[in-house]
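Proteins get letters first, then strands, A, B, ... in listed order; numbering begins at 1 in each.
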Amino acid sequence: MCAPDGPREERPVPRSHRTRTPPPVPPIRHALSITRDADFAQWYQEVITEAEMAEESGVRGCMVIKPWGYGIWERIQRTMDDRIKAAGVDNCYFPLFIPLSYFAKEAEHVDGFAKEMAVVTHHRLIADGTGSLVPDPEAELEEPLIVRPTSETVIGAAMARWVQSWRDLPLLTNQWANVVRWEMRTRMFLRTSEFLWQEGHTAHADRDDAMTETLRALEMYREFSHDVLAMPVIAGEKPENERFPGAVATYSIEAMMQDGKALQAGTSHYLGTGFAEAAGITYQSREGEETLCHTTSWGVSTRLIGGVIMTHGDDDGLRVPPAIAPHQIAIIPMLRDDEGDAAILDYCEELRRDLAGLTALGEPLRVLLDKREGKATQKRWAWVKKGMPIILEIGARDVSGGNVSVIRRDRLWREDGKTDFTVMTRDAFVAAAAAELEDIQRSLHDEALARRDANIRRDIADLDGLAAFYGEDVHYPGWVELLWARPTGTELEEVVARLKDLKLTIRNTPLVDGQVEGTCVFTGRPAVERIYVARSY
RNA sequence: CGGGACGUGGCGCAGUCUGGUAGCGCACUCGCUUUGGGAGCGAGGGGUCGCCAGUUCGAAUCUGGCCGUCCCGACCA
């Protein structure tokens, strides 16, 4: 397990030299049956199931996103959309189906996606005589339609119509949509056949302007990931072998999961003039010359939710950063089916109202009074597994004392292995609630950042050292920062192949990078930049 | 797409080898007791055993095909 870590499952062993032997600490009874340490992949599946985020749909690689998972996505959408709009980008919607001929115009692009495209070839079904329906041979489409795996081509066709003059530039568009990629191996949220995302597409007069937009989007993602998802990332440029098909340069944000693997959490591409050429996106310059546009594209997807799970989850389930929690505080009344219940509910409702009037992280607090029938303890553990940032339990004693019982999801256990309840006055809690949520947001971020930095090795100077670090017996190794000479072509292919033997990939070259002095680990030549290598999702 | 494992009430599983009344735990419903830190006891409800064929008097069980899931690999903005 990457260290340092969240709440500890292993606690100090009682010291025998003390005169009075402390009572043995009972093991924590975690809400999940599988720990991260025992089997990270199984743990990940269990979090998704137990937090009721998503489930199998019966369609290969496609998932049903349930209210808690979708609620998180809606929060991501809303907060990201604010940033996109603030940058002057307008939302549009483009068709799900793309004529194959559009796609075929950009050679590298079609090569990159050909093996994973869903294709529509017929528009009608017909009875086959045995009670089943089959595509009607009479109804074959003249030109197959592909289900969009990404929309550069169809948006490019629109841009070609929309851009005539230098006055039309820059053209800044975005769409929130679903896309389909027929992946060989799927994983909930991380790689599904269908996924939800936003894709920004922009056209510019020249390279500089397009590159500025590419890097603006990347910085938007980096800031979003840190400030909203509490997920630290490294923003940088992908090596040429990892470029988006058809791109001139691809940039990414890379996050470290708790098993040490890297997750590409967002990408931004400078597409040069290739797509503009394929789609005919040209403008007349001030000088009257017909000129090709430079285009960009950038996106983040529901994969971010997988990143949040693997960044913040613990052995009791998910921990949702307050900024993206559909609800930030759950109030659980402890009812006893007697005449005292009405007073408890009144007390809870008034508390809910007072909290909902507050502002935290720049928005009104999202508070849920969980009045559903059922046992308070069961509701509590259900919210723990979902990762509700703060859980309040209100019983008759709290009502008469003017108190609340508070659980902070990010600090669930006390030293003695018991659930950490804090009883405080209602008024004190209301006064502190907003700051408390902001503190949870910050502390989840700091915990993730500390873990990431503790798991990046910077002192490996040769390939043997690299092989040792990623040896068979190493449990969840992190990343390695290396110096290299940025080889290209076949020389790069050799490097990639050598890394592949260790199941490693080059993640990116960090953007903010000072002077580099040293020797390339792969070629022995003077190094020109830093790279991160890691195992990845 | 290759190798492996798997698919049986909502969830987790046994039963399959050796064909013969569909089982268990949790969850759910009802009742009683309990009641501030993941309650106990009792009584119930719920399943065309992934789908389609085949063998058979009889299939969860045997055979074939298909669909889906997980792990490893290949592939993968």
> Does A/Gly266 reach a base, just sugar-phosphate, or nothing at all? Heavy atoms under 4.0 Å.
nothing
> Find the partner of B/rG58: check Watson-Crick (N1-N3 plus N6-O4 or O6-N4) and G-U wobble (N1-O2, O6-N3) distances, both under 3.5 Å, and reply none if neither fits.
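B/rG58 is unpaired by these criteria.
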> Please report the distance separating the P of B/rU29 from the corresponding atom of B/rC52, rounded so that it comes out in whole Å.
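Roughly 32 Å separates the two P atoms.
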> Taking the same atom, P, in B/rA59 and in B/rG19, what whole-Å distance lies between them?
13 Å
> Using the P atom as the reference point in each nucleotide, state the distance between B/rU8 and B/rC76 in Å, no decimals.
34 Å
> With a cut-off of under 6.0 Å to the ring centre and 45° to the axis, is A/Arg207 in cation-pi contact with A/Tyr270?
yes
> What nucleotide among B/rA74, B/rA77, B/rA39 has an atom nearest to a side-chain atom of A/Phe195?
B/rA77
> Describe the nucleic acid contact of A/Ala247 in one word from base, sugar-phosphate, nothing, applying a heavy-atom distance below 4.0 Å.
nothing
> Given that A/Thr267 and A/Arg397 both sit by RNA chain B, which one's nearest nucleotide is further toward the 5' end?
A/Arg397
> By nearest heavy atom, map A/Thr505 and A/Ile394 onto RNA chain B; which one lands nearer the 5' end?
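The 5'-side residue here is A/Ile394.
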> Taking the minimum atom-to-atom distance to the side chain of A/Pro245, which one of B/rC1, B/rU35, B/rA77 wins?
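Taking heavy atoms from C-beta onward, the closest nucleotide is B/rA77.
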> Can you tell me the distance, in whole Å, between the CZ atom of A/Arg535 and the C1' atom of B/rA74?
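About 16 Å, once rounded to whole Å.
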> For B/rA74, does the base pair up with any side-chain atom of A/Arg185 as donor and acceptor (N or O, under 3.5 Å, distance only)?
no
> Any base atoms under 4.0 Å from A/Gly395, or only sugar-phosphate, or nothing? Heavy atoms, all strands.
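Contact class for A/Gly395: base.
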> Sort out the partner of B/rU35 for me: Watson-Crick or G-U wobble, both distances under 3.5 Å, none otherwise.
none
> Can you tell me if A/Asn178 and A/Trp197 form a side-chain donor-acceptor pair at under 3.5 Å?
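Judged by distance alone, the side chains do not pair up.
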> Can you tell which of B/rU69, B/rU35, B/rC1 lies closest to the side chain of A/Glu56?
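Selected nucleotide: B/rU69.
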> When both hydrogen-bonding distances must be under 3.5 Å and the geometry is Watson-Crick or G-U wobble, what is B/rG42 paired with, if anything?
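Paired with B/rC30.
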> Of the listed nucleotides (B/rG36, B/rA77, B/rC75), which one gets closest to any side-chain atom of A/Asp398?
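Closest nucleotide to the A/Asp398 side chain: B/rG36.
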> How long is the line joining CZ of A/Arg336 and P of B/rU33, in whole Å?
14 Å
> Could you give the CG-to-C1' distance, from A/Asn508 to B/rA77, as a whole number of Å?
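To the nearest whole Å, that distance equals 14 Å.
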> Taking atom C1' in both B/rC67 and B/rA74, compute the distance separating them and give it to the nearest angstrom.
23 Å
> Quick one: does A/Lys375 reach the base of B/rA39 with a side-chain donor-acceptor pair under 3.5 Å?
yes
> Base, sugar-phosphate, or nothing for A/Glu116, non-hydrogen atoms under 4.0 angstrom?
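The residue A/Glu116 makes sugar-phosphate contact but no base contact.
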> What interatomic distance, in whole Å, is found between C1' of B/rG9 and the corresponding atom of B/rG50?
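Those two atoms are separated by 15 Å.
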> Measuring to OP1 and OP2 of B/rC11, would you say a side-chain N or O of A/Thr49 lies under 4.0 angstrom away?
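Checking B/rC11 against A/Thr49, no side-chain N or O comes under 4.0 Å of OP1 or OP2.
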> So, A/Ser297 and A/His269: side-chain donor and acceptor under 3.5 Å apart, yes or no?
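The answer is no; no qualifying pair exists.
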> So, does A/Ser268 use its side chain to make a donor-acceptor pair with the main chain of A/Thr214 at under 3.5 Å?
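At least one qualifying donor-acceptor pair exists.
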> Can you establish whether the number of heavy atoms outside A/Tyr532 located under 6.0 Å from its atom OH is more than 12?
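Counting other residues, nucleotides and ligands, OH of A/Tyr532 exceeds 12 neighbours.
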> Is there a Watson-Crick or G-U wobble partner for B/rC17 with both distances under 3.5 Å, and which nucleotide is it?
none
> Decide yes or no, distance alone: a donor-acceptor N/O pair under 3.5 angstrom between the base of B/rG36 and the side-chain of A/Ser405.
yes
> Which whole number of Å gives the distance between the C1' atom of B/rC51 and that of B/rA14?
23 Å
> Take atom P in B/rC1 and the same atom in B/rG15, then report the distance between them in whole Å.
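The answer is 32 Å between these two P atoms.
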> A/Phe189 CZ to B/rC76 C1': how many Å, rounded?
20 Å
> Roughly, in whole Å, what's the span from CD in A/Gln264 to C1' in B/rA77?
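A/Gln264 atom CD is separated from B/rA77 atom C1' by 6 Å.
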> Establish, with yes or no, whether the OP1 or OP2 oxygen of B/rC28 is under 4.0 angstrom from a side-chain nitrogen or oxygen of A/Gln378.
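Result: yes.
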> At under 4.0 Å between heavy atoms, what does A/Gln42 touch on the DNA or RNA strands: base, sugar-phosphate, or nothing?
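The answer is sugar-phosphate, as A/Gln42 gets under 4.0 Å only of primed atoms, P, OP1 or OP2.
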> If we take the P atom in both B/rU61 and B/rA22, what is their distance in whole Å?
13 Å
> Given 3.5 Å as the limit, does a donor-acceptor pair link the side chain of A/Arg303 with the main chain of A/Gln264, or not?
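Judged by distance alone, yes, a pair lies under 3.5 Å.
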> Quick one: does A/Glu242 reach the base of B/rA77 with a side-chain donor-acceptor pair under 3.5 Å?
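Side chain to base: no pair present.
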> Would you indicate which nucleotide in B/rC75, B/rU35, B/rA77 comes nearest to any side-chain atom of A/Lys115?
B/rC75
> By the 4.0 Å heavy-atom rule, please label A/Ser252 as base, sugar-phosphate, or nothing.
nothing
> Describe the nucleic acid contact of A/Tyr251 in one word from base, sugar-phosphate, nothing, applying a heavy-atom distance below 4.0 Å.
nothing
> Assign A/Ala31 to base, sugar-phosphate, or nothing according to its heavy-atom contacts below 4.0 angstrom with the strands shown.
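Result for A/Ala31 = base.
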> Only pairs with both distances under 3.5 Å count, Watson-Crick or wobble alike; so what is the partner of B/rA53 in this structure?
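In the structure as shown, B/rA53 has B/rU63 as its Watson-Crick or wobble partner.
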> Need the pair for B/rC24. Rule: Watson-Crick or G-U wobble, both distances under 3.5 Å, any strand; none if unpaired.
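The base-pairing partner of B/rC24, which may sit in any strand shown, is B/rG12.
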> Between A/His475 (side chain only) and A/Asp37 (backbone N and O only), is there a donor and an acceptor less than 3.5 Å apart?
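Looks like yes, one N/O pair under 3.5 Å.
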> Would A/Arg535 pass as a cation-pi partner of A/Trp479, given that its NZ or CZ must be under 6.0 Å from the six-membered ring centre and within 45 degrees of the axis?
no
> Could you check A/Leu368, A/Ile390, A/Leu369 and say which one makes a side chain to side chain contact (heavy atoms under 4.5 Å, CB included) with A/Ile331?
A/Leu369
> Within the 4.0 Å heavy-atom criterion, would you say A/Pro149 contacts the bases, only the backbone, or no part of the nucleic acid?
nothing
> Can you tell me if A/Lys503 touches the phosphate of B/rC72, counting only side-chain N or O atoms and a distance under 4.0 Å to OP1 or OP2?
no
> Grab the CH2-C1' distance between A/Trp182 and B/rA77 for me, whole Å please.
19 Å
> Counting any heavy atom closer than 4.0 Å, what does A/Trp298 reach on the DNA or RNA strands: base, sugar-phosphate only, or nothing?
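Result for A/Trp298 = nothing.
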> Honestly, is A/Lys66 close enough over A/Trp68, meaning NZ or CZ under 6.0 Å from the six-membered ring centre and within 45° of the axis?
no
> Tell which nucleotide pairs with B/rC70, taking only Watson-Crick or G-U wobble pairs whose two distances are both under 3.5 angstrom.
B/rG4
> B/rC75, OP1 or OP2 - any side-chain N/O from A/Lys500 closer than 4.0 Å?
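Indeed, a polar side-chain atom of A/Lys500 lies that close.
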> Is B/rC75 paired to anything, Watson-Crick or G-U wobble with both distances less than 3.5 Å, and if yes, which nucleotide?
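Pairing partner, where one exists within any strand: none, as none qualifies.
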> Looking only at side-chain N and O atoms, does A/Arg187 come under 4.0 Å of OP1 or OP2 in B/rC71?
yes
